[in-house]
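Reviewing the structure listed below.
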Amino acid sequence: MYASHFGLRDEPFRLTPDTAFYFDYRAHREALNVLVLALRAGEGFVKVTGEVGTGKTLLCRMLMEALEATHVTAYLPNPCLTGNGLRAALARELGLDLPRNLGQHRVLERIQEHLLHLAAAGRRVVVLLDEAQALPDESLEALRLLTNLETERHKLLQVVLFGQPELDERLAGSRLRQLRQRISFSHRLEPLDRAGVTQYVHHRLAVAGVPDRSLFGRRALAALHRASRGIPRLVNILAHKALLAAYGEGAAQISPGHVRRAALDTEDARRPASLRGWALAALGSVGLGAAAAALGAWLP
């Protein structure tokens, strides 16, 4: 809706994990390097944790691209899997067409046969589990047992767990201590600092067709960092709403007031600290309303 107003050819702050918009921030670059090195070294379990919205799913997709030439990847985004369901999902990801009534012992045999076939062809297999903090204990244990499959020199299956900090809390318990001891590398994704938010916004705008760094002023970027706490998903939501507010006013640049209005309209954002900020935000809801009205004019 506001693309032509700001000279954009694409939506810079959409929430889908599009690798074209990947921002090579130092924390994410370090995490990606750790993952690639650990997997190429043949480590069995690797773990990446981070708060909601810090970019774990996008990092997972970047890792899949980095491993494409050397590994077979099995991506399991659904954490609501039983042990049997996990083995069945892995078999499907590996391209195995198994009868539905096949016993679990035979399913495991077929998976092992296929893994051995891939290993003989020089291909390693990596399982990437998103939202791993929600995986039942039974499924995590089934995953651990799958990593027991190995040749004399190499693991037949490697695993990367992507999860929220609750995953660390679960692994700290005694029930999962065997799995915890298998994790050889781990990394924690932290929110962006103020400079990182500025670079992140400039990067996404440039990819979307606006290399002009003046669209978000310095004070607006500071307000964006404060309201988002440096969490990339919140940065996207707030920047999108700030653009809507500015568009509704016909403004050419994003001001701190536009960001404050966006924060007031966003559940998990840090609200303006001062009464003056609250007043500006309340008055600014008119900007979002104007943007909504403008959208209505385009709809049938």
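Sequence positions, counted from 1, serve as the residue numbers for this chain.
- Contacts of Tyr200 classified as ring pair (Phe, Tyr, Trp, His ring centres under 6.0 Å), with partners at least two apart in sequence or in another chain: Phe23.
- For the salt bridge (charged side-chain N to carboxylate O under 4.0 Å, His left out) condition, the pairs that include at least one residue of residues 181-208, sequence neighbours left out, are Arg26-Asp193.
- His258 and Gln253 share no donor-acceptor pair across their side chains, judged by distance under 3.5 Å alone.
- Within the structure, the ring pair (Phe, Tyr, Trp, His ring centres under 6.0 Å) test picks out no pair touching residues 92-137 (sequence neighbours left out).
- For Asn78 (side chain) and Cys80 (main-chain N/O), a donor-acceptor pair under 3.5 Å exists by modelled atom type.
- For Ser214, the side chain to side chain donor-acceptor pair (under 3.5 Å) test picks out Asp212, with sequence neighbours left out.
- Note that the CZ atom of Arg233 and the OG atom of Ser228 stand 13.0 Å from one another [nearest 0.5 Å].
- Listed by chain and residue number, Tyr2 satisfy the side chain to side chain donor-acceptor pair (under 3.5 Å) test with His240 (two or more places apart in sequence, or in another chain).
- For the pair Ser139 and Leu86, the tightest heavy-atom approach, listed with the atom from each and the gap, is O-CD1, 3.8 Å.
- Once rounded to the nearest 0.5 Å, the distance linking CG of Leu157 with CG of Leu90 reads 6.0 Å.
- Side-chain N/O atoms of Thr266 and Lys241 include a donor and acceptor closer than 3.5 Å.
- For the side-chain contact (heavy atoms from CB on, under 4.5 Å) test with Leu149, the passing option among Leu146, Thr147, Leu145 is Leu146; the others fail.
- Without hydrogens or angle criteria, Arg229 side chain to Asp268 main chain gives a donor-acceptor distance under 3.5 Å.
- Closest of all the heavy-atom pairs between Pro79 and Pro77 is CD-O, 3.3 Å.
- Residue pairs that meet the salt bridge (charged side-chain N to carboxylate O under 4.0 Å, His left out) test with at least one member in residues 72-96, sequence neighbours left out, do not exist here.
- Between Arg61 and Asp18, no side-chain nitrogen of the basic residue sits less than 4.0 Å from a carboxylate oxygen of the acidic one, so the salt-bridge criterion is not met.
- A salt bridge between Asp265 and Arg261 is absent, with no side-chain N of the basic residue lying under 4.0 Å from a carboxylate O of the acidic one.
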Q: For side chain to side chain contact (heavy atoms under 4.5 Å, CB included), just list the numbers for Tyr247 and Ile254, CA-CA rounded to whole Å, side-chain angles, deciding distance to a tenth of an Å, and then say yes or no.
A: CA-CA 9 Å; Tyr247 169 72; Ile254 310 305; over 6 Å; no

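- Residue pairs that meet the salt bridge (charged side-chain N to carboxylate O under 4.0 Å, His left out) test with at least one member in residues 122-140, sequence neighbours left out, are Asp137-Arg170, Asp137-Arg175.
- Other cluster members for Phe21: Val207, joined by side-chain heavy-atom distances under 4.5 Å among Ile, Leu, Val, Met, Phe, Trp and Tyr.
- Using a distance-only test at 3.5 Å, with no hydrogens or angles considered, no donor-acceptor pair links the side chain of Arg226 to the main chain of Arg271.
- Side-chain heavy-atom separations under 4.5 angstrom define the hydrophobic clusters, and the remaining members of the one that includes Leu67 are Tyr22, Leu32, Val34, Leu35, Val36, Leu39, Val46, Val48, Leu58, Leu59, Met62, Leu63, Met64, Tyr75, Val126, Leu128, Val160, Phe162, Phe185, Leu189.
- For residues 43-56, every residue pair satisfying the salt bridge (charged side-chain N to carboxylate O under 4.0 Å, His left out) rule, not counting sequence neighbours, is listed here: Lys47-Asp168.
- Not counting sequence neighbours, the partners of Thr19 by the side chain to side chain donor-acceptor pair (under 3.5 Å) test are Glu65.
- Among residues two or more places apart in sequence or in another chain, the side chain to side chain donor-acceptor pair (under 3.5 Å) test is passed with Glu141 by Arg144.
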